[in-house]
Amino acid sequence: MAGPRDWCWNAATTQQLDGALGEGNVAHPAMSGNGTTGDDPLQTAVWRLRSRACWADAAALLPADRPAPALQRAALLVERCLYTERGWEEAEDALRTAEALAHADEERGAAACERGYLAYAATLLGVRDRSDEARAALGRAAALLPPGAPGRALLDFRRGLVAQNLAGVPQAARAAFRRAHTAAMTDADPLLLSFTWRHLAGLALRDGELAEARHGFAESLRIREELGYLVGTAPALVSLADTEDEPEASRLREEARRLFRLLGGVPTWLARQLAPPAPGAATA
C-alpha cells in the first residue's frame, strides 16, 4: 500500500477521489484551508490538499515568515502526525517557528493550542507520554484566548479530548464538547461541528444512548461529505456503522475500507477497526 505522500499528485488517484463520495468535486469550490467558505485561491488549494491527506503539500504552499501562515503550516503538520503517526520532527520545527513569530495574545494562544494538540497526539498514539505538556499548553492557551475569541471553540474541543482520552473524565469532556459545539454552530464552523457531533455521539454511545449516538454520527458524516473532507470520512462511516444493524453496518464499513485504501492507509489508527474478521470468527 502506498504511503499518503506517495499519491498526492497522482492524477489517477485524484480522479478516484473525486468520485469517492459520488460527486465530481469533493471540495466546495470556495472552501478555505479551515473548512469554511471564502474566495482565496490559496486557501482553497490548501483545503483540497488537506482534505485528501496531503498535509505536507498543503503546508508547502504557505509562507513561513508571517504569524498567520506559519501557524497554519504548523497546524497542518500537527494534524498529519495524528492521522499518519509520523512527521513529528517537521511538526515540532514548524510549531517552534510559529511560536517565535507570535506576538499578540491571540497568536500566542493559538500557537499554545497547537502545542497542546501535538503533545496530546504523541501521548494518545503512544509515541511518548506528554500528557502534562498537553494540559499545560492548553491551559496557557485558555489564559490567552478569552471566551468568544477566535480559536476558543477549537481550544474547548481539544480540552475535551484531553479530558476524555487522557484524563478519563467523560463529564468534563462532554461539557467542553458542548461549549465547542455551540460555538461552532454560532460561528458557522462546519468542520469543527463535524468533530463535536462525532465526539458527543461517542459519549452517548458509551452511555447506551443508541438513537442519540446514531444521530450525532450521521450528522458528522453528512457534514464531512458535504465539505469533501475525505480524510475524515472513513472514520465517520465506521462510527455510524457501530450504531446500525446489518446489512447497513457492513455497507458502511466497506465504504470506509474503500476510502481508507484510496487515501493510502490514512488514518493509520483506523486499520485495526477495518480489519475483516478472522475466518471462522464468531460474529454478532
Side-chain angles (χ1 to χ4, degrees), residues 32-36 38 40 42-43 46-47 50 55-56 58-83 87-125 127-167 172-173 175-177 179-184 186-189 191-193 195-196:
S32 83
N34 295 317
T36 56
D40 185 338
L42 172 60
Q43 290 299 325
V46 168
W47 167 256
R50 174 193 179 189
W55 295 278
L61 297 177
L62 298 164
D65 57 352
R66 298 197 306 276
L71 179 63
Q72 190 178 5
R73 288 182 75 254
L76 287 166
L77 296 175
V78 169
E79 186 174 83
R80 180 179 67 166
C81 292
L82 187 65
Y83 279 80
W88 302 95
E89 285 303 317
E90 293 92 334
E92 288 282 359
D93 289 345
L95 189 49
R96 281 191 290 267
T97 297
E99 289 168 335
L101 290 170
H103 298 297
D105 281 354
E106 182 180 323
E107 294 166 352
R108 291 196 296 268
C113 186
E114 292 304 327
R115 169 66 63 190
Y117 196 45
L118 182 62
Y120 163 79
T123 306
L124 184 72
L125 297 173
V127 176
R128 182 159 59 91
D129 185 352
R130 298 173 59 179
S131 53
D132 289 343
E133 181 186 354
R135 293 187 187 93
L138 294 178
R140 187 163 63 253
L144 292 164
L145 298 172
R152 182 65 194 223
L154 179 62
L155 171 62
D156 284 337
F157 172 70
R158 289 175 174 177
R159 295 183 87 182
L161 292 176
V162 169
Q164 179 182 19
N165 297 320
L166 302 189
F177 292 151
R179 287 195 301 273
H181 189 76
T182 299
T186 301
D187 299 339
D189 186 341
L191 184 60
L192 179 58
L193 192 61
F195 281 94
T196 56

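These numbers were taken from a predicted model, which means no experiment stands behind them.
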Applying side chain to side chain contact (heavy atoms under 4.5 Å, CB included), can you list everything that pairs with Leu101, at least two apart in sequence or on another chain? Pro67, Ala70, Thr97
Grab the two heavy atoms, one from Trp55 and one from Leu76, that are nearest each other, plus how far apart they are. CD1-O, 3.4 Å
Residue pair Pro63 / Pro69: nearest heavy atoms and the distance that separates them: O-CB, 3.3 Å
Please name all residues satisfying side chain to side chain contact (heavy atoms under 4.5 Å, CB included) with Arg96, sequence neighbours left out, ordered by chain then number. Glu92, Asp93, Glu99, Arg115
Work out which heavy atom in Ala173 is nearest to a heavy atom in Ala163; give both atom names and the distance. N-CB, 3.7 Å
Identify, with sequence neighbours excluded, every residue that meets side chain to side chain contact (heavy atoms under 4.5 Å, CB included) alongside Ala119. Arg130, Glu133, Ala134
Can you tell me which residue pairs pass the salt bridge (Lys or Arg N to Asp or Glu O under 4.0 Å) test with a partner in residues 135-149, sequence neighbours excluded? Asp132-Arg135
Taking atom CD of Gln43 and atom CZ of Arg50, what is their separation to the nearest 0.5 Å? 10.0 Å
Quick one: CZ on Arg66 to CD on Gln72, what's the gap to the nearest 0.5 Å? 11.0 Å
If you look at every heavy atom in Ala184 and Leu193, which pair is closest and at what distance? CB-N, 3.9 Å
Answer yes or no: is there a side-chain heavy-atom contact under 4.5 Å between Arg159 and Leu155? yes
Exercise: identify the closest heavy-atom pair between Ala94 and Arg73: CB-NH1, 4.2 Å
May I have all residue pairs that pass ring-ring contact (aromatic ring centres under 6.0 Å, His included) and include part of residues 97-116, sequence neighbours excluded? none
Mind checking what makes salt bridge (Lys or Arg N to Asp or Glu O under 4.0 Å) contact with Arg80, not counting sequence neighbours? Glu90
Listed partners of Leu124 passing side chain to side chain contact (heavy atoms under 4.5 Å, CB included), at least two apart: Leu82, Tyr120, Asn165
Who pairs with Arg179 by side-chain hydrogen bond (donor to acceptor under 3.5 Å, both in side chains), at least two apart in sequence or on another chain? none
Go through the structure and list residues passing salt bridge (Lys or Arg N to Asp or Glu O under 4.0 Å) with Glu107, not counting sequence neighbours. none
Identify, with sequence neighbours excluded, every residue that meets side-chain hydrogen bond (donor to acceptor under 3.5 Å, both in side chains) alongside Ser131. Asp129
Phe195 meets the ring pair (Phe, Tyr, Trp, His ring centres under 6.0 Å) criterion, sequence neighbours left out, with Phe157
Using the rule given for side chain to side chain contact (heavy atoms under 4.5 Å, CB included), can you reason through Leu138 versus Tyr117, listing the C-alpha separation, both sets of side-chain angles and the distance that settles it, and then say yes or no? CA-CA 8 Å; Leu138 294 178; Tyr117 196 45; 5.7 Å; no
Verdict with reasoning, Leu42 to Leu62, per side chain to side chain contact (heavy atoms under 4.5 Å, CB included): CA-CA 8 Å; Leu42 172 60; Leu62 298 164; 4.1 Å; yes
Atom pairs and distances, side-chain donor-acceptor, residues 141-154, under 3.5 Å, sequence neighbours left out:
unit_1: Arg152; atom_1: NE; unit_2: Asp156; atom_2: OD1; d: 3.3
unit_1: Arg152; atom_1: NH1; unit_2: Ala142; atom_2: O; d: 3.3
unit_1: Arg152; atom_1: NH1; unit_2: Leu145; atom_2: O; d: 2.5

